[in-house]
Amino acid sequence: MTDVSKEQVLERLRTVRGPDMDGNIVDLGLVSDVFISDGKAYFSITVPAERARELDPLRAAAERVVKEIPGIKAAMVALTADKRAASGPAAARSPAPPAPGRGEPAHSHAGHSHAGHAHAAPAQPQQRTKSGIPGVEAIIAVASGKGGVGKSTTSVNLALALKANGLRVGILDADIYGPSMPRLLKITGRPQQLEGRMIKPMENYGIKVMSMGFLVDEEVAMIWRGPMIQSALMQMLREVAWGDLDVLVVDMPPGTGDAQLTMAQQVPLAGAVIVSTPQDLALIDARKGLNMFSKVEVPVLGIVENMSYFIAPDTGNRYDIFGHGGARKEAERIGVPFLGEVPLTMDIRETSDAGTPVVVSNPEGASAKTYRAIATRVWQELETVRGKGTREAPAIVFE
């Protein structure tokens, strides 16, 4: 297969007229950076938020012309909204843009989120996005304030423990830059394209899985900015045939950036689980995650203390390598549930590296029972939250 260059894609996109038939979408500066991998082209088109539905044929036209390029097997094209959208002649005849400082959703895709600090604001009814994913009863985010705390390992074992507890479960790997689900769940290959734009999720151990790691080679460096990250996340959520699920676990990237704000704005998260290690430094970062979810009105289902203590495999002696109990104290301090302690053990590390998570490889072992107990508490908290009514997605105001 002949390699296709970014320039070839841009040249073909110059045949697509801009909004109101002015110029073309490339010369108007509406096309994001183009990323090509394994015969698939990924890019977004920036349009005024209030015209997203009206301009969807523009997106379809861009997708069509790119797919006609020899060597391109598929195109992932999304509309994004940005407060600087269509700053040329096309914008002059379009309706007034959003008020300065507001980031608005466009056709289920968020705009730039690096404009400054964010907080939740009461949304007007017409600004709220549609709720949820068809067939998915609840969406849970698993997050951490910093990397290296074992969040992905916790996410996958939590998902498998929920499955072991009798629920229908899926997992979305929302870390665009460092997807880990293909390796943790020992899944290789590419997802199957279904009719239309829908993709069939990958599956192993009885749970459905979607990750950017299935679409892009492991060695490929993802050099994407806010809009592309947001578009990819929304497509992996809304254009995947998840089927009927009781819960979709979202393994969030570390920190409080684009992905977290996109999920909070575009999807009514049922709740969030925060993962931290016991030491003070990790807890400081965990508080950032807690505060972010609080500001965007996402219920915190509780905190998990990962790597809580170490049991020496040869002697059975316990060592509090990172301290102990810090996450429990933090949960008590801020009034959120403490979900449990996960020890630092050789079996969790080895089974994770092998793609055979401990919940499925040793279901009767102590570690698996710990995860199943945490999963039970998470589901109990989720049921409590859902009993208080369905939360609509908030608007995010950038200052």
Side-chain angles (χ1 to χ4, degrees), residues 1-49 51-82 84-94 105-112 176-177 190-200 212-217 219-236 238-240:
M1 182 180 67
T2 303
D3 288 337
V4 179
S5 68
K6 179 169 67 175
E7 288 69 26
Q8 287 176 277
V9 172
L10 291 173
E11 191 60 34
R12 187 62 65 92
L13 288 173
R14 284 191 171 90
T15 65
V16 179
R17 306 295 290 178
D20 305 313
M21 303 303 291
D22 281 301
N24 66 77
I25 59 175
V26 174
D27 293 339
L28 286 171
L30 306 183
V31 179
S32 71
D33 193 18
V34 176
F35 180 80
I36 303 171
S37 176
D38 193 33
K40 299 182 181 71
Y42 304 82
F43 60 93
S44 63
I45 303 170
T46 303
V47 299
R51 302 188 65 190
R53 293 189 181 279
E54 170 196 346
L55 295 175
D56 188 64
L58 184 149
R59 179 204 58 75
E63 180 179 285
R64 183 175 63 254
V65 300
V66 170
K67 288 170 70 174
E68 291 172 353
I69 301 173
I72 292 290
K73 297 185 293 185
M76 180 180 282
V77 188
L79 293 183
T80 61
D82 183 77
R84 298 187 298 274
S87 57
R93 287 195 292 275
S94 63
H107 194 60
S108 301
H109 302 295
H112 282 295
I176 302 297
Y177 295 125
R190 305 291 190 196
Q192 178 184 348
Q193 187 86 30
L194 303 176
E195 290 185 9
R197 292 169 56 86
M198 299 302 289
I199 296 173
K200 182 180 180 181
M212 185 57 69
F214 300 138
L215 304 174
V216 178
D217 292 335
E219 296 81 12
V220 172
M222 301 296 288
I223 310 173
W224 285 5
R225 293 182 179 177
M228 286 298 287
I229 294 172
Q230 295 154 350
S231 298
L233 274 179
M234 288 302 100
Q235 288 187 280
M236 287 197 295
R238 300 190 185 279
E239 296 178 14
V240 170

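We count residues from 1, following the sequence as given.
Closest approach of Ala41 and Ile72 over heavy atoms only: CB-CD1, 4.2 Å. Scanning both residues, Val9 and Ile69, for their nearest heavy atoms gives CA-CD1, 3.9 Å. Scanning both residues, Gln193 and Met198, for their nearest heavy atoms gives NE2-O, 3.6 Å. Taking every heavy atom of both residues into account, Lys200 and Pro191 meet most closely at O-CB, 3.5 Å. Taking every heavy atom of both residues into account, Leu28 and Gly18 meet most closely at CD1-CA, 3.8 Å. The two residues Val31 and Val34 have their closest heavy-atom pair at CG1-CG2, 4.3 Å.
Residues Arg12 and Gln8 fail the side-chain proximity criterion, which asks for heavy atoms closer than 4.5 Å. The side-chain heavy atoms of Leu30 and Pro19, taken from C-beta on, include a pair separated by under 4.5 Å. In this structure the side chain of Val65 reaches within 4.5 angstrom of the side chain of Leu13, judged on heavy atoms. Side chains of Gln192 and Ile199 form no contact here, defined as non-hydrogen atoms less than 4.5 Å apart.
Ser5 OG to Leu10 CG: the interatomic distance, rounded to the nearest 0.5 Å, is 8.5 Å. The structure places CZ of Phe43 at 8.0 Å from CD of Glu63, a figure rounded to the nearest 0.5 Å.
Although no hydrogens or angles enter the test, the distance criterion places no donor-acceptor pair under 3.5 Å between the side chain of Arg14 and the main chain of Ile25.
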